[in-house]
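Written out below as structure tokens is the structure these notes cover.
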Amino acid sequence: MASPEERYNFLEAESKWQKTWAAKDSFKVEEPSSKPKYYVLEMFPYPSGRLHMGHVRNYTLGDVVARYKKAKGFNVMHPMGWDAFGLPAENAALERGVHPGTWTRQNIAIMRAQFQPLGLSLDWSREITSCEPAYYKHEQKMFLDFLKAGLAYRKESWVNWDPVEHTVLANEQVIDGKGWRSGFDVEQRKLNQWFLKITHFAEDLLQAIEGLDRWPDKVRLMQHNWIGRSEGARVMWPLLGRDGKDVGQSLEVFTTRPDTLFGASFCAISAQHPLAVKAAENDPALAEFIAECNRGGTSTAAIETAEKKGYDTGFKVQHPFIAGKTVPVYIANFVLMAYGSGAIFGCPAHDERDMEFARKYRLPVRCVVAPVGEDPVAFAAKLEAGDVAYTDDGVAINSDFLNGLKVDAAKRTAIEKLESLKLGTGTVQYRLRDWGVSRQRYWGCPIPIIYCETCGTVPVPDQDLPVTLPEDVTFDTPGNPLERHPTWKHVKCPTCGKDAKRETDTFDTFFESSWYFARFCSPHLADRPFSEIAAMKWLPVDQYIGGVEHAVLHLLYSRFFTRAMSACGYLNLKEPFAGMFTQGMVCHETYRAADGAWLEPGSITRTGEAASYNGQPVTIGRSEKMSKSKKNTVDPQRILDTYGADAARLFMLSDSPPDRDLEWTDAGIEGAWRYLNRLWRLATVAVTIPRGTVPATLDAGPTAVLRQIHRTISAVSDDLEKFRFNSGVARIRELTNALADLDRTVVGGNAVYRFGIETVAQLVNPLAPHLSEEIWHTLGNSSILTETAWPTFDPALLEDDTVTVGVQINGKLRGTITIAKTADKDAFETAALALPAVQKQLDGKPPKKVIIVPGKIVNIVAA
RNA sequence: GCGGGCAUGGCGGAACUGGUAGACGCGCCAGACUCAAAAUCUGGUGUCCUUGGACGUGGGGGUUCGAUUCCCUCUGCCCGCACCA
């Protein structure tokens, strides 16, 4: 039985150090400070009311960075807040009759308390809560400034409408064409919506990705693709009526392949195109076709299986280059209104979709590009007879003035010609669309706009901000409670004083998270969202950490907001996040009973490979992201109570690289816990050694360990800088093993041992802060480790005087030689050839060649 | 369909710019301590045959004195986008 001094009491120690840090304000930003700044931020949580393992991982990763940077001498800002608007609060209101605000604020209190035992180095004095008017009033003002600057506008647009919930759904809330909650078919509806003009910055947002060199390539690529820049041309096709006469209008089409214009055999427009709507006016069959297209699901499955369908409008358009040639205008279900001009020209020979469409509706296929080096006539004949489009590079044929030009040159020439004919221009299109921010929801920031019959759309005057949410709302009927509220929306017009109505939509909740990182710089400023001086001092965030699920939306919105805020004079900055890290998910095995029901990990009994539940066999499924629905969650609270924060932190950091998924296992957390106890036991031995400096002359054993201590400081520092926390932990464990094996009875043994334990405490501090403080304290230090500088290493001690290298024969390892580091090539060769194993292999014959890379390898090429 | 990533022992994963593959941990095996168990400690642990070797980083091929690392190709899994003209 271990004596009380030997047993590490994590519960007592962890809470003691947490109190000490709090009492000393250890994690408050130093103001003023001569140190360089470092801003560490993890994505702020939605207050669901319960901390989960994903949170623990996210905030632990950030905490390691924050503590390490602090030790390295930075003035660190590491704040925390709450992303507090959102749908779950309304669902809670619906299910339990509790007001969303009450529910949210209760959850925040619960979660704030749950954060405490994790021992995070957070500056709680900067806490912000996005659902409070003190926060959202600033974004109302910001929105009005965007409006003035032309960066916000209102327009009628098509939305996913849930007929049961009476609200707009985001694309990601539509699953297989049905509302994610109601399960009913989603309709396409036209609604007036507010938009933010993110497309204004499309080019800049795209170009600047290149400069985000501390972002994951994956995220940069996703943003690149999301913005989706493509170069092409706008082409005007003069429109002819059903009687064949010019109607004095043109159909505008966007294409990336103006070089294939001579292969055009039809034009197609979206069902939502104005011309389609007009054409349907006196054509009931066409109207029905359009309705069918609009009903067509937006779901991935629906699109995948959707057959290409078209409807001939009877209109024709005049080809821009070929006098007298016309092509028919179809309405096609695959043409998107939201991209380009909502109309295309079809060149079946060189576009897969057009080919499919042409074959279905028996439209001509004309080859106008042939691969270099192939016989154009034969190639064209084959292509025009087949069903496969040719989309690669080649040379223009059958194309009048373009003939003989390569695709790129032909594109340029075609555009020049279009421009000279005033029938088109070269242009750039983006896939990126403007950001629709209106939501028919209660629990969000009210959009500060008033609609007046006389004055139109009137911004709420500054002195009337914030527009706050009414408290007396009910959720017993579907739809937006703000819309139903008896008085809230009825106001006087600020301009003319007549009766007017408020906007009852609220902002998309991505609005709040698009600028909170700036609010943290001056979180309590009342009259402005943040001070420009503070924001310019702290921003950009030096290290941002969060899940990949926000790789596009949140990160892109924030980049846009930073530009928009700069355009409105709030600050002068483009990029909010200089460094970005995306952490992997926390996963766990899944368990199912015979009837298919998911079982909680805690409820099953494992016996080796098998598992059972109340005596019944259990199917063990693959490891998946922890989720309530699969019941494979592990409650952080239980882990903290059983093993403490340090063990939980250490396990999460050591088991897999932070950007990969982590599989939570009981054995893993046990292992971390065992290591901490072992380190504590080794430290209690060090305490018995009197303090003193390491003597200059040491025995071989202590010398080797001393070198390892220095090497470990160097390696761990490097690992922490590069987010290789798992390998940093491995290095620290290696050093711990070396210290445990060290013979302390020889000259310098004790001194090196004590120094080694102190160093391990320092190195492990960002990972397991409580135990390391306890060890540091027990070793007699009066300072606390949290406020102690990171250890330094002596470069002269990093490497040994000798080096051991492998000796290969024909690339196969036959032995090793240990030799002075300074030895020349001849010495390496002599030593290598002297090896018995080498002699045996060579069998008396001289080597054909000997390759020597000093310090690395000797490879003997035998004949 | 398009784009991207990954593949290493029973498991999670190391291996920096091509240079001793399997660090560190988990698990397992054996032993010590114990009446016993837990905890702890010591040793072993890629595979195959006999010391000594042979083989081995998803499969096949290539470059190289030397390849987990670079190139080609195939297979499998994961992620993003999804008729973007």
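Chain A is the first sequence line, chain B the second, and so forth, proteins listed ahead of strands; every chain is numbered from 1. Computation of the quantities below employed the complete heavy-atom set of this structure, encompassing side-chain atoms and omitting hydrogens, waters and symmetry-equivalent molecules.
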Could you check whether [X] pairs with [Y] (Lys NZ or Arg NE/NH1/NH2 to Asp/Glu carboxylate O, under 4.0 Å)?
{"X": "A:Lys625", "Y": "A:Asp661", "answer": "no"}
{"X": "A:Glu292", "Y": "A:Lys309", "answer": "yes"}
{"X": "A:Asp800", "Y": "A:Lys821", "answer": "no"}

pair A:Ser230-A:Tyr339: side-chain heavy atoms closer than 4.5 Å: yes
Tell me the interatomic distance from [X], atom [atom1], to [N], atom [atom2], rounded to whole angstroms.
{"X": "A:Asp666", "N": "B:G27", "atom1": "CG", "atom2": "P", "value": "11 Å"}
{"X": "A:Leu662", "N": "B:C11", "atom1": "CG", "atom2": "C1'", "value": "14 Å"}
{"X": "A:Tyr675", "N": "B:G12", "atom1": "OH", "atom2": "P", "value": "24 Å"}
{"X": "A:Glu734", "N": "B:G13", "atom1": "CD", "atom2": "P", "value": "19 Å"}
{"X": "A:Asp661", "N": "B:C77", "atom1": "CG", "atom2": "C1'", "value": "13 Å"}
{"X": "A:Arg431", "N": "B:A85", "atom1": "CZ", "atom2": "P", "value": "10 Å"}
{"X": "A:Asn225", "N": "B:G5", "atom1": "CG", "atom2": "P", "value": "12 Å"}
{"X": "A:Leu679", "N": "B:U40", "atom1": "CG", "atom2": "C1'", "value": "16 Å"}

May I ask you to say what [X] touches in the nucleic acid, namely base, sugar-phosphate or nothing, with a heavy-atom cut-off under 4.0 Å?
{"X": "A:Asn737", "answer": "sugar-phosphate"}
{"X": "A:Thr256", "answer": "sugar-phosphate"}
{"X": "A:Val335", "answer": "base"}
{"X": "A:Thr665", "answer": "nothing"}
{"X": "A:Arg733", "answer": "sugar-phosphate"}
{"X": "A:Ser654", "answer": "nothing"}
{"X": "A:Lys856", "answer": "base"}

Nearest-nucleotide comparison on RNA chain B, the residue closer to the 5′ end among A:Glu670 and A:Arg731: A:Arg731
Given RNA chain B, 5'-ward residue of the pair A:Tyr430 and A:Pro657, judged by closest heavy atom: A:Pro657
Main-chain N/O of A:Gly668 paired with A:Thr665 side-chain donor or acceptor, under 3.5 Å: yes
Spacing of the [atom1] atoms in [M] and [N] (rounded, Å):
{"N": "B:U64", "M": "B:A54", "atom1": "P", "value": "24 Å"}
{"N": "B:G10", "M": "B:G58", "atom1": "P", "value": "13 Å"}
{"N": "B:A36", "M": "B:U47", "atom1": "C1'", "value": "38 Å"}
{"N": "B:C70", "M": "B:C16", "atom1": "P", "value": "10 Å"}
{"N": "B:C79", "M": "B:U73", "atom1": "P", "value": "25 Å"}
{"N": "B:G60", "M": "B:G27", "atom1": "C1'", "value": "34 Å"}
{"N": "B:G52", "M": "B:G5", "atom1": "C1'", "value": "43 Å"}
{"N": "B:A21", "M": "B:G66", "atom1": "P", "value": "14 Å"}

Measuring from the side chain of [X] (C-beta onward, heavy atoms only), which nucleotide among [options] has the closest atom?
{"X": "A:Asp741", "options": "B:U42, B:A85, B:A14", "result": "B:U42"}
{"X": "A:Asp655", "options": "B:G13, B:A82, B:G12", "result": "B:G12"}
{"X": "A:Lys218", "options": "B:C81, B:U42, B:C79", "result": "B:C79"}
{"X": "A:Arg681", "options": "B:A85, B:U40, B:G12", "result": "B:U40"}
{"X": "A:Leu336", "options": "B:U20, B:C79, B:A85", "result": "B:A85"}
{"X": "A:Arg660", "options": "B:U20, B:A14, B:A82", "result": "B:A14"}

Output field: ring centroids A:Phe651/A:Trp664 closer than 6.0 Å: yes
Phosphate OP1/OP2 of B:G27: any A:Arg674 side-chain N/O under 4.0 Å: yes
Side-chain N,O (A:Asn726) to OP1/OP2 (B:C24) below 4.0 Å: no
Whether A:Phe725 and A:Phe723 hold their rings parallel, tilted or perpendicular, with breakpoints at 30° and 60°: tilted
Parallel, tilted or perpendicular: rings of A:Tyr361 and A:Phe357 (30°, 60°): tilted
A:Thr804-A:Thr818 side chain donor-acceptor pair, cut-off 3.5 Å: yes
Donor on one side chain, acceptor on other, A:Ser727 and A:Asp719, under 3.5 Å: yes
Stem list, RNA chain B (Watson-Crick or G-U pairing under 3.5 Å, at least 3 consecutive pairs): B:1-7 with B:75-81, B:10-12 with B:24-26, B:27-32 with B:40-45, B:46-49 with B:52-55, B:58-62 with B:70-74
NZ or CZ of A:Lys308 within 45° of A:Phe334 ring axis and under 6.0 Å: yes
Derivation of the side chain to side chain contact (heavy atoms under 4.5 Å, CB included) call for A:Tyr330 and A:Ile269: CA-CA 6 Å; A:Tyr330 279 74; A:Ile269 59 175; over 6 Å; no
Glycosidic class, syn or anti, of B:G9 using a 90° window around 0: syn
B/S/- contact track for nucleotides 47-72 of chain B, protein heavy atom under 4.0 Å: -------SS---------BS------
